[in-house]
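Here's the structure, in structure tokens; my notes come after.
If you read the sequence from its start, that first residue is 1, and numbering goes on from there. Values below: all heavy atoms of this structure, side chains included; hydrogens, waters and symmetry mates excluded.
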Amino acid sequence: MKQQLKNFRDLTPKRRRVLLTALSVVLVLGGVALFASTVRTSAQKKNSCIECHTKLDGPLGEPARLFANDIHKERGLACNDCHGGNPLADDKVAAKSASSGYLGKPKPIDIPSFCGKCHSDASVMKRFNPTLRVDQVQEYYTSVHGNRLKNGDQKVATCASCHGIHGIRPPSDPASTVNALNVAETCGKCHGSADYMQGYQIAHDQYEKYKTSVHAKAIYEKHDLSAPTCNDCHGNHGAVPPGLTSVANVCGQCHGRQSTLFQNSPHKSPFEKANAGECIRCHSNHGIVPPTDEMAGTGPQSVCITCHTNDKGFAAAQQIEEKLGGLTASIHGANQILERAERAGMEVSRPKFELRDALDGLTQARVLVHTASLEELEKAIGPSMEIAGKSYKAGESAFSELNFRRGGLAVSLVFILFLAVLVYLKIKQIEQRDGAVSET
């Protein structure tokens, strides 16, 4: 520091003035920049919309409180980014002036375009989330909701109806109204209300039926988020998933094997002619229950007898039920005898493992029911019945060996006992002889 001061003193007066002037300019500019940054930061933090509405009660105060956890706030957006206005103004009139672009609360018919200002603009969305599609609004107008909205029905669902308004969460958030765990409840707010759906000629029991379905149990009980909920079948923003005009195709997104078999089955043509709804004709739509073998038979739970009575189809259904029931009984019997043998201490791990192939064959046979072909069904059932028979015989052999071992053990015990008696008698004989000798 002393050396630098000495160097400064060694400068000519002119150079000293230049250096001091430059240093002064740098300090002034730095101070101005710091002041501007402080003012800008203060301005960014100031939001008269939030400050005012958080002091209010009821519906006027709720938006400000909800917005604290909104995805838009997390991305750095504020009230004026959607509603316009001047959040820096403390005066209500100035904050909501037309000159500041204030929009206020949009009408339902304007909501898609209101959200689309950003969500349909690729350049805007690129700044926040480049992975989001920007065609949701266009797709929405292909849906029943969108078409009805264009025709003046303002009761139909819009963006805000499903995603919420000020407390919007990303779909991955369990608290989001469009998270897989919450979609059915979100749709059910409208579609589960008899009063709200009055006049639309649409059933309002879909939600209640869905909650009893095998799909709902997979989501809510097993927490399997891949199981379908409303939007998986009906689409998200559009009317149906792109390219899917048939219920069978919708179901086929997940149940591809069954769908392919049905498309090539003799049922395909008559179902189309009768406009029978293909998959839902047998399985229903919202209240889908786990399929059973009885559904393919001719008993009380049969779906076949709704179309077939005393015809070839009825006879085929009887045979299908008998074959599936026979294989199920054979597998159950084989499994029981092997379980008993294992509990008895016999080694039956190999036949138990082989029995899994019979179970796979039963699963395959149940899927092949969609072919409506006894020949195809027998191809899967035949080998499985053979495996189940061998596994049962293995269980019988294990018990035969167990009985043999038990018999051999009994004989051995008798023989050992006989030897023990002989030894005892011999010892007694020796003791008596030694006693007689000692007396003499």
Got a list of side-chain donor-acceptor pairs under 3.5 Å for residues 395-412, not counting sequence neighbours?
unit_1: Ser397; atom_1: OG; unit_2: Lys393; atom_2: O; d: 3.0
unit_1: Ser400; atom_1: OG; unit_2: Glu396; atom_2: O; d: 3.1
unit_1: Glu401; atom_1: OE2; unit_2: Arg405; atom_2: NE; d: 3.2
unit_1: Glu401; atom_1: OE2; unit_2: Arg405; atom_2: NH2; d: 2.4
unit_1: Asn403; atom_1: ND2; unit_2: Phe399; atom_2: O; d: 3.2
unit_1: Ser412; atom_1: OG; unit_2: Gly408; atom_2: O; d: 2.8

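Taking Asp357 as the reference, nothing meets the salt bridge (Lys or Arg N to Asp or Glu O under 4.0 Å) condition, with sequence neighbours excluded. Considering only residues two or more places apart in sequence or on other chains, Asp360 meets the side chain to side chain donor-acceptor pair (under 3.5 Å) condition with none of them. With sequence neighbours left out, Arg127 forms a side chain to side chain donor-acceptor pair (under 3.5 Å) with no residue at all. Here Lys73 pairs with nothing under the side chain to side chain donor-acceptor pair (under 3.5 Å) rule; sequence neighbours left out. When the side chain to side chain donor-acceptor pair (under 3.5 Å) test is applied to Thr131, the partners found at least two apart in sequence or on another chain are Asn129. For His267, the ring-ring contact (aromatic ring centres under 6.0 Å, His included) partners are Phe271, not counting sequence neighbours. Every residue two or more places apart in sequence or in another chain was checked for a salt bridge (Lys or Arg N to Asp or Glu O under 4.0 Å) with Lys155, and none qualifies. Contacts of Lys217 classified as salt bridge (Lys or Arg N to Asp or Glu O under 4.0 Å), with partners at least two apart in sequence or in another chain: none. Applying the side chain to side chain contact (heavy atoms under 4.5 Å, CB included) rule to Cys307 yields the partners Arg281; only residues at least two apart in sequence or on another chain are considered.
Judged as a side-chain hydrogen bond (donor to acceptor under 3.5 Å, both in side chains), the pairs with a partner in residues 109-121 (not counting sequence neighbours) are, in order, Asp121-Ser123. Screening residues 89-115 for ring pair (Phe, Tyr, Trp, His ring centres under 6.0 Å) gives His83-Phe114 as the qualifying pairs, with residues at least two apart or on separate chains.
A cation-pi arrangement, defined by a distance under 6.0 Å to the six-membered ring centre and an angle within 45 degrees of its axis, is present between Lys211 and Tyr220.
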